Amino acid sequence: MPISENVACKTCEEFEIPVDDVFAMWAYREEVCDAVVASKFGHHRALAAELGDRLADVILKRIDVQSPNLHKIDAVVPVPSHRRRTSLRGGSGVAVIAETIAHRLRIPPIQPLRLTRAIKKQAWLDDQQRQENVRDAFGPTRFYGLLARAVNSSSVAGRHILLVDDVLTTGATAGEVASTLRKLGAARITLAVVARSIRQPFS
């Protein structure tokens, strides 16, 4: 179910996401919903890779036809996953999707961010609660010692980041992650998602 270039939804207009471009491959409905949910689990790693491969096709098409700025992407960053949730699922589907895209685009995948506190599952919350749930929940990844901040800043500062997630609903999580990347100095952020949730009639 591809999304038309000429439609907008009320949800997307209500919540501003601090990114420069957004690419959504499908609407989050029916079989797409089933595939995305299944891809979150480690035993469906091949499915996550297939979704990443198809999203990479969309991005490459945009590079060739519509978006010359995409030629200048410097790094691919997956939206960070909750460690406990990732452990229970046996892996991170978003990370696999991002790694697949990075391989296709021949761009290094990096993870300069981490969750700094526990958050609730966004699907259980209403729109306002989603915003509050992830506010200030992300920060630089900690490696070892005092070099961590410098390492993460240099991996993001002044660069064009391709931020990857599986589903865009209100944009609360992607927006918070993008804001954190901006604080680390990202010059440009493009958000690419497998699917976009359409919950309101088109305008």
Side-chain angles (χ1 to χ4, degrees), residues 3 5 8-9 11-26 28 51-52 54-82 92-116 119 122 130-131 133-141 148-197:
I3 294 178
E5 298 296 333
C9 68
T11 299
C12 296
E13 294 172 351
E14 183 178 355
F15 295 97
E16 294 185 5
I17 308 173
V19 300
D20 299 284
D21 296 292
V22 179
F23 298 140
M25 184 165 58
W26 294 315
Y28 189 57
L51 294 177
R54 294 192 181 200
L55 185 52
D57 285 338
V58 172
I59 294 168
L60 287 167
K61 180 179 178 181
R62 299 291 182 88
I63 288 175
D64 290 338
V65 177
Q66 299 174 352
S67 304
N69 284 326
L70 284 177
H71 281 293
K72 302 174 183 178
I73 290 174
D74 298 299
V76 178
V77 174
V79 168
S81 299
H82 193 289
S92 169
V94 173
V96 174
I97 292 168
E99 289 166 5
T100 303
I101 293 171
H103 177 74
R104 288 285 308 280
L105 271 58
R106 299 182 181 180
I107 297 169
I110 62 173
Q111 184 48 280
L113 303 179
R114 65 183 177 93
L115 272 166
T116 58
I119 61 174
Q122 290 284 74
R130 287 172 185 243
Q131 298 282 330
N133 186 43
V134 295
R135 185 173 291 123
D136 299 323
F138 300 94
T141 302
R149 188 179 299 273
V151 169
N152 287 299
S153 295
S154 65
S155 68
V156 171
R159 307 182 81 188
H160 181 180
I161 303 300
L162 179 65
L163 180 63
V164 176
D165 205 356
D166 49 13
V167 179
L168 175 64
T169 306
T170 65
T173 302
E176 190 64 31
V177 172
S179 294
T180 306
L181 289 171
R182 295 286 191 196
K183 291 175 184 177
L184 290 177
R188 186 177 184 87
I189 301 172
T190 296
L191 174 63
V193 297
V194 173
R196 186 180 74 181
S197 178

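Quick note: numbers below take in every heavy atom, side chains included, and nothing from hydrogens, waters or symmetry partners. The shown structure was predicted, so the numbers you read here are calculated from the model rather than taken from an experiment.
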Q: In plain terms, say whether Asp20 and Lys72 are close enough for a salt bridge, that is, a side-chain N and a carboxylate O under 4.0 Å apart.
A: no
Lys/Arg-Asp/Glu bridge criterion (N-O < 4.0 Å) met for Asp21, Arg62:
no
Shortest non-hydrogen pair, Ala178 vs Val19, comes out as CB-CG1, 3.7 Å
May I ask you to decide whether Arg188 forms a salt bridge with Asp74, counting only side-chain N to carboxylate O separations under 4.0 Å? no
* If we only count heavy atoms from C-beta on, is the Ile101 to Ile59 side-chain gap below 4.5 Å? -> yes
To the nearest 0.5 Å, atom CG of Leu162 lies from atom CG of Leu105 at 7.0 Å
*Could you go step by step and tell me if Thr173 and Gln122 meet the side-chain contact (heavy atoms from CB on, under 4.5 Å) rule?*
CA-CA 8 Å; Thr173 302; Gln122 290 284 74; 3.1 Å; yes
- Item | Flag if over 12 foreign heavy atoms under 6.0 Å of CZ, Arg54 | no
Of all heavy-atom pairs linking Asn133 and Ile119, the shortest is O-CG2, 3.3 Å
Next item on the list: Please check if any side-chain donor atom of Ser92 sits under 3.5 Å from a side-chain acceptor atom of Ser81, or the reverse.
Entry: yes
Tightest non-hydrogen contact, residues Leu181 and Pro112, listed as CD2-CG, 4.1 Å
Worksheet item: Are side-chain heavy atoms of Val164 and Val79 found at a separation under 4.5 Å?
Response: no
Nearest heavy-atom contact between Leu113 and Pro80 is CB-CG, 3.8 Å
Indicate yes or no for a side-chain donor-acceptor contact from Arg114 to the backbone of Pro140 under 3.5 Å, with no hydrogens or angles considered.
-> yes
Take Val22 and Leu168, measure what side-chain contact (heavy atoms from CB on, under 4.5 Å) needs, and give me the verdict at the end. CA-CA 10 Å; Val22 179; Leu168 175 64; 3.9 Å; yes
Asp165 vs Pro78 side-chain heavy atoms within contact, under 4.5 Å:
no
Self-check item: Step-by-step side-chain contact (heavy atoms from CB on, under 4.5 Å) determination, Leu115 to Phe138
Solution: CA-CA 5 Å; Leu115 272 166; Phe138 300 94; 3.4 Å; yes
Value for CD (Glu176) from CD (Gln131), rounded to nearest 0.5 Å, stands at 8.5 Å
d(Ser179 OG, Ile189 CD1) to nearest 0.5 Å is 7.5 Å
Tightest non-hydrogen contact, residues Val194 and Met25, listed as O-CB, 3.2 Å
Item checked: Side-chain donor-acceptor contact under 3.5 Å, Gln111 with Thr141 -> no
Nearest heavy-atom contact between Thr116 and Gly139 is CG2-N, 3.5 Å
Here the gap from Thr100 atom OG1 to Leu55 atom CG, rounded to the nearest 0.5 Å, amounts to 10.0 Å
Output for pair (Leu163 CG, His160 NE2), nearest 0.5 Å, gives 10.5 Å
CD of Glu99 to CZ of Arg104, rounded to nearest 0.5 Å, is 15.0 Å
